[in-house]
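Structure, as structure tokens:
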Amino acid sequence: MNINVSLIGEAIVFGLFIWLTMKFIWPYVTKAMDERANKIAEGLAAGERGRKDLENAQVKATEILHAARDKGAEVVEVANQQAARVLEEARKESQAERQRQVEAARAEIQQELSRAKDALRAEVANIAVAAAGKIVEREIDPKAHKALLDELAQQIH
Amino acid sequence: MAGITSDEYIHHHLTYWTVGNGGFWTLHVDTLLVSVVLGLLFFFSFWVAARKASSGVPGKWQNFVEVMVSFVDSQVKETFHGKNKMVAPMALTIFVWVWLMNFMDMIPVDLFPRIAAWFAMPFGADPEHVYLRVVGTNDLNMTFAMSFSVFALMIFYSFKVKGARGYTREILFHPFNHWGFMPVNLMLRIVEDLAKPISLSLRLFGNMYAGELLFVLIALLLAQFTHGVTGVAFGILGIICGFAWTVFHLLIITIQAFIFMMLSVVYLSMAHESHDAH
């Protein structure tokens with residue numbers, strides 16, 4: 001057993017190193033570790049918050065998308081109705097127009113016909129007079145027989 | 001070591017580098033030197049990390065220091081429930097410092113004594129009489145210095161926490177709570193308290209002493225290499241033993257450093273806890 005003054009020397013050295021560690025190492029390292037722990041906790045919380053935000057945003061986006069789809073369908077529906085109505089109107093209009101044109105054509109034809117009839121009537125009167133003249137071998141006074149001729153011509157339809 | 005007997009070789013390895021009169025006023029220069037150098041190594045290497053410690057991404061060294069600190073911190077928090085800013089840094093100091101001094105056992109036993117001898121020769125010293133023991137915890141002065149420092153802290157904090165009255169009451173009325181048992185309690189207490197530092201230091205010293213002695217004996221086996229066929233066989237045995245013991249001892253030095261730290265914390269924890277509470 002060599003117990004001697006070294007013991008006291010070592011005790012002093014021991015105390016000194018404890019003091020140095022307590023003063024210059026321990027507080028700084030633990031402080032940095034605590035700060036980092038807080039930072040990580042904050043980061044995790046922020047991540048969680050971000051995740052929640054994203055979830056909410058996704059829900060909202062889905063809602064908006066659905067609303068837009070509904071609205072789009074509505075618009076298409078309205079447009080279809082509108083188109084059908086426009087088409088219907090156009091058809092009606094065109095039908096009326098056609099009717100009108102047919103009417104006009106018919107009237108014109110009628111007019112043409114009556115004009116032709118009048119011309120023909122006049123012609124027939126002349127022919128009849130000429131024919132009658134030949135038959136009776138003398139000039140017929142158209143004025144004297146006008147009434148007769150007119151009656152004749154009147155019979156032509 | 002040529003020309004000296006095994007006995008002399010072992011004896012040489014077990015002699016301290018001393019300064020003084022050979023009695024109480026003798027200083028083990030090697031123990032003091034190694035403990036101071038390793039203590040400074042511990043302090044400055046950890047201080048480098050502590051000085052630059054930031055809450056950002058830690059570097060490799062800072063990471064290691066933080067692992068050590070948080071390891072010690074969690075051990076202390078589990079065991080020690082009082083309020084004391086000194087206990088955890090003390091535990092860290094003990095663990096790392098004791099481990100470093102124990103680790104000196106891992107270095108080949110003849111390396112540092114030989115270097116010391118070479119350095120001493122130009123100064124006219126006889127190389128056979130240059131002694132150097134680098135395992136600091138292999139010196140009872142070292143282990144007792146630490147364990148009695150812890151003991152002194154125990155008494156100091158017992159007074160501080162419980163007060164002179166409370167501490168005296170605890171000594172006189174525990175474990176037998178009757179005035180007639182006061183002398184018995186006192187005797188038991190003295191034995192109990194003295195057993196703490198003595199067992200603490202002797203456990204560490206014994207383990208390290210045995211470890212060092214085994215390394216010295218293994219070195220003797222290796223030295224047989226030059227002695228014919230049986231010598232070679234002994235040498236090979238020495239290599240195997242050396243490897244096995246180094247691996248095993250690496251475990252021991254860590255465990256011993258840990259035990260010294262934990263028991264110091266436990267003893268200080270007991271000093272902080274009042275027996276009246278239960």
Side-chain angles (χ1 to χ4, degrees), chain A residues 1-70, chain B residues 16 18-32 35-36 38-40 42-44 46-47 49-58 62 65-66 68-70 72-73 85-94 96-97 136 139-146 148-150 152-153:
Chain A
M1 297 275 267
N2 293 304
I3 298 297
N4 52 38
V5 75
S6 309
L7 195 153
I8 295 162
E10 292 298 351
I12 293 166
V13 173
F14 181 49
L16 200 70
F17 280 124
I18 291 176
W19 180 76
L20 284 173
T21 308
M22 193 170 81
K23 204 84 186 163
F24 298 106
I25 294 172
W26 194 266
Y28 299 101
V29 177
T30 48
K31 187 169 151 263
M33 280 160 67
D34 289 346
E35 274 172 13
R36 185 172 322 108
N38 284 340
K39 252 191 197 174
I40 290 170
E42 274 167 24
L44 287 176
E48 185 64 23
R49 229 178 299 126
R51 203 180 57 77
K52 277 219 176 94
D53 283 356
L54 182 66
E55 236 167 52
N56 289 345
Q58 265 168 349
V59 168
K60 202 170 266 181
T62 314
E63 268 169 25
I64 290 171
L65 206 66
H66 278 197
R69 200 173 293 158
D70 289 352
Chain B
Y16 296 102
T18 53
V19 169
N21 63 6
F24 177 75
W25 292 105
T26 310
L27 201 60
H28 290 171
V29 182
D30 42 9
T31 308
L32 200 63
S35 67
V36 169
L38 292 178
L40 289 176
F42 153 66
F43 172 69
F44 279 110
F46 273 53
W47 182 66
R51 195 168 46 105
K52 292 189 290 190
S54 71
S55 56
V57 179
Q62 194 192 332
V65 169
E66 283 181 8
M68 295 303 294
V69 167
S70 63
V72 171
D73 199 34
K85 282 202 162 88
M86 193 272 309
V87 172
M90 182 204 73
L92 179 70
T93 311
I94 290 176
V96 181
W97 197 33
D139 186 344
L140 272 175
N141 291 295
M142 183 73 231
T143 58
F144 270 123
M146 285 192 292
F148 277 121
S149 299
V150 171
L153 286 170

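Throughout, a chain's letter reflects where its sequence line sits, starting with A, and its residues are numbered from 1.
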*Sort B/Thr143 into side chain, backbone, both or neither according to what part of it lies under 4.5 angstrom from a heavy atom of chain A.*
neither
*Could you tell me which of B/Ala53, B/Ala49, B/Ala50 has the largest number of non-hydrogen atom pairs under 4.5 Å with chain A?*
B/Ala50
*Atom group of A/Ile8 that falls short of 4.5 Å from chain B, counting heavy atoms*: side chain
*Tell me, out of B/Gly136, B/Gly23, B/Gly56, B/Ala91, who's got the most heavy-atom pairs with chain A below 4.5 Å.*
B/Gly56
_Electrostatic pair A/Glu35:A/Lys39 at N-O distance under 4.0 angstrom_ = no
*Any salt bridge between A/Glu63 and A/Lys60, counting N to O under 4.0 Å?*
no
_Contacting moiety of B/Ser54, where chain A heavy atoms sit under 4.5 Å_ = backbone
*Where do B/Val72 and A/Trp26 come nearest, in terms of heavy atoms and distance?*
CG1-CH2, 4.2 Å
*Go through B/Val36, B/Val57, B/Thr18, B/Val29 and name the one with the most non-hydrogen pairs under 4.5 angstrom from chain A.*
B/Val36
*For A/Tyr28, enumerate each residue passing the ring-ring contact (aromatic ring centres under 6.0 Å, His included) test, keeping only those at least two apart in sequence or located in another chain.*
none
*asked:* Tell me which of these, B/Ala152, B/Ala88, B/Gly20, has more heavy-atom pairs under 4.5 Å with chain A than the rest.
replied: B/Ala88
*asked:* Looking at every heavy atom in both B/Phe24 and A/Asn4, which two are closest together, and how far apart are they?
replied: O-CB, 3.1 Å
*Among A/Ala32, A/Ser6, A/Ala11, single out the residue with the greatest number of heavy-atom pairs under 4.5 Å to chain B.*
A/Ser6
*asked:* Can you tell me which of A/Lys23, A/Met33, A/Arg36, A/Met22 forms the most heavy-atom pairs within a distance under 4.5 Å of chain B?
replied: A/Arg36
*Check for a donor-acceptor pair, side chain of B/Trp97 on one end and backbone N or O of B/Ser35 on the other, with a separation under 3.5 Å.*
yes
*What residue in B/Gln62, B/Glu66, B/Met90, B/Lys85 has the most heavy-atom pairs under 4.5 Å with chain A?*
B/Glu66
_What verdict does the side-chain contact (heavy atoms from CB on, under 4.5 Å) test give for B/Phe46 and B/Leu92, after you've listed the backbone C-alpha separation in whole Å, the side-chain angles of each residue and the deciding distance to 0.1 Å?_
CA-CA 11 Å; B/Phe46 273 53; B/Leu92 179 70; 4.2 Å; yes
